[in-house]
Enquirer: 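Handing you a structure now.
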Amino acid sequence: MLNIVLFGPPGAGKGTQSQKLIEKYGLIHLSTGDMLRKEISEGTELGMKAKSIMDQGILVPDEVVIGIINSRIDSESGANGFIFDGFPRTIPQAEALDDLLQTKGTEITTMLALEVDQQELVKRLLLRGEASGRSDDANEEVISQRIAEYEDKTAPLAKYYNDQGKYNGVKGMGTVDEIFSNLCKEIDGLTEVN
Ligand code: ADP
């Protein structure tokens with residue numbers, strides 16, 4: 001299996017690149033942000049709890065996202081592999097994911113980390129807020145809070161995967177196609193070795 005953690009701060013382009021990667025490599029896209037927004041739009045109890053947390057720009061509890069990822073992985077047993085987008089976001093989530101994949105006889109192949117300047121991130125998120133109406137993208141204060149959460153809780157995952165020899169930084173500035181090509185080079189390099 002090819003199991004990729006697509007990593008990077010809010011606005012790094014993970015969702016956009018995931019769409020292109022799943023097509024090229026036949027993978028399944030698992031975005032916890034999308035899954036939570038689906039719960040919100042369906043008005044489930046979980047969705048209602050998550051919405052107020054997400055609108056503050058902070059992370060929903062680990063056990064909630066681990067639970068939804070777990071059930072999705074179970075329902076996709078025939079997959080070639082997965083792209084994890086926006087998950088894991090904390091060390092306990094990464095540990096839970098390692099354990100989960102181990103029980104399925106597989107593991108994370110690589111973390112691909114999109115590297116983007118801070119100024120560019122805020123610009124992209126505000127633009128996305130205007131276009132999509134996503135409430136957590138419309139407000140600069142919420143965006144700053146999300147970036148602070150990222151620095152505090154999520155950035156340490158780079159070391160976690162680097163310690164496993166799985167961290168690969170990828171230039172995340174340029175056109176969508178240029179960034180996609182940077183990602184493909186990394187993936188193709190890995191699969192040639194294996
Ligand atoms: P972005 O990548 O732009 O930050 P996402 O769509 O991935 O946006 O996530 C939006 C919000 O959903 C986050 O700010 C957080 O509140 C919640 N969320 C998504 N994934 C997770 C996760 N793995 N752990 C905790 N909270 C999450």
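Indexing begins at 1, ligand by ligand and atom by atom, following the structure's order.
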Enquirer: Which of the numbered atoms in ligand 1 are under 4.0 angstrom from any heavy atom belonging to Thr32?
Expert: 19 (C), 20 (N), 21 (C), 22 (C), 23 (N)

Enquirer: Give me the other members of the hydrophobic cluster that Met48 sits in, counting Ile, Leu, Val, Met, Phe, Trp and Tyr linked by side-chain heavy atoms under 4.5 Å, directly or via other members.
Expert: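 Traced through the cluster, Met48 reaches no other member.
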
Enquirer: Is the shortest distance from a Lys or Arg side-chain nitrogen in Arg146 or Asp137 to a carboxylate oxygen in the other one below 4.0 Å?
Expert: yes

Enquirer: Specify side chain, backbone, both or neither for Gln56, according to which of its non-hydrogen atoms lie closer than 4.0 Å to ligand 1.
Expert: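 Gln56 to ligand 1: no contact under 4.0 Å from either part.
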
Enquirer: Specify side chain, backbone, both or neither for Arg37, according to which of its non-hydrogen atoms lie closer than 4.0 Å to ligand 1.
Expert: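 Near ligand 1, Arg37 shows its side chain, while the N, CA, C and O stay back.
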
Enquirer: Relative to the heavy atoms of Gln93, which atoms of ligand 1 are at a distance of less than 4.0 Å?
Expert: 22 (C), 23 (N), 24 (N), 25 (C)

Enquirer: Heavy atom under 4.0 Å from ligand 1: found in Met54's side chain, backbone, both, or neither?
Expert: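 Near ligand 1, Met54 shows its backbone as well as its side chain.
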
Enquirer: With a heavy-atom distance limit of 4.0 Å, tell me whether Val64 approaches ligand 1 through its side chain, its backbone, both, or neither.
Expert: neither

Enquirer: Test question: given the 4.5 Å side-chain rule for I, L, V, M, F, W and Y, name all other residues clustered with Met173, or answer none.
Expert: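 So far as hydrophobic clustering goes, Met173 is joined with Val116, Leu121.
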
Enquirer: Which part of Ile58 is near ligand 1, with near meaning a heavy atom under 4.0 Å away: side chain, backbone, both or neither?
Expert: backbone

Enquirer: Taking Asp163 first and then Lys159, would you say they form a salt bridge - that is, a charged N and a carboxylate O separated by under 4.0 Å?
Expert: yes

Enquirer: Quick check on contacts: which atoms of ligand 1 are under 4.0 angstrom from a heavy atom of Gly86?
Expert: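 Selected atoms, number and element: 20 (N), 21 (C), 22 (C), 23 (N).
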
Enquirer: Return yes when atom CD of Glu140 has more than 12 non-hydrogen atoms of other residues, nucleotides or ligands closer than 6.0 Å, and no otherwise.
Expert: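 For Glu140, atom CD is not crowded (no more than 12 foreign heavy atoms under 6.0 Å).
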
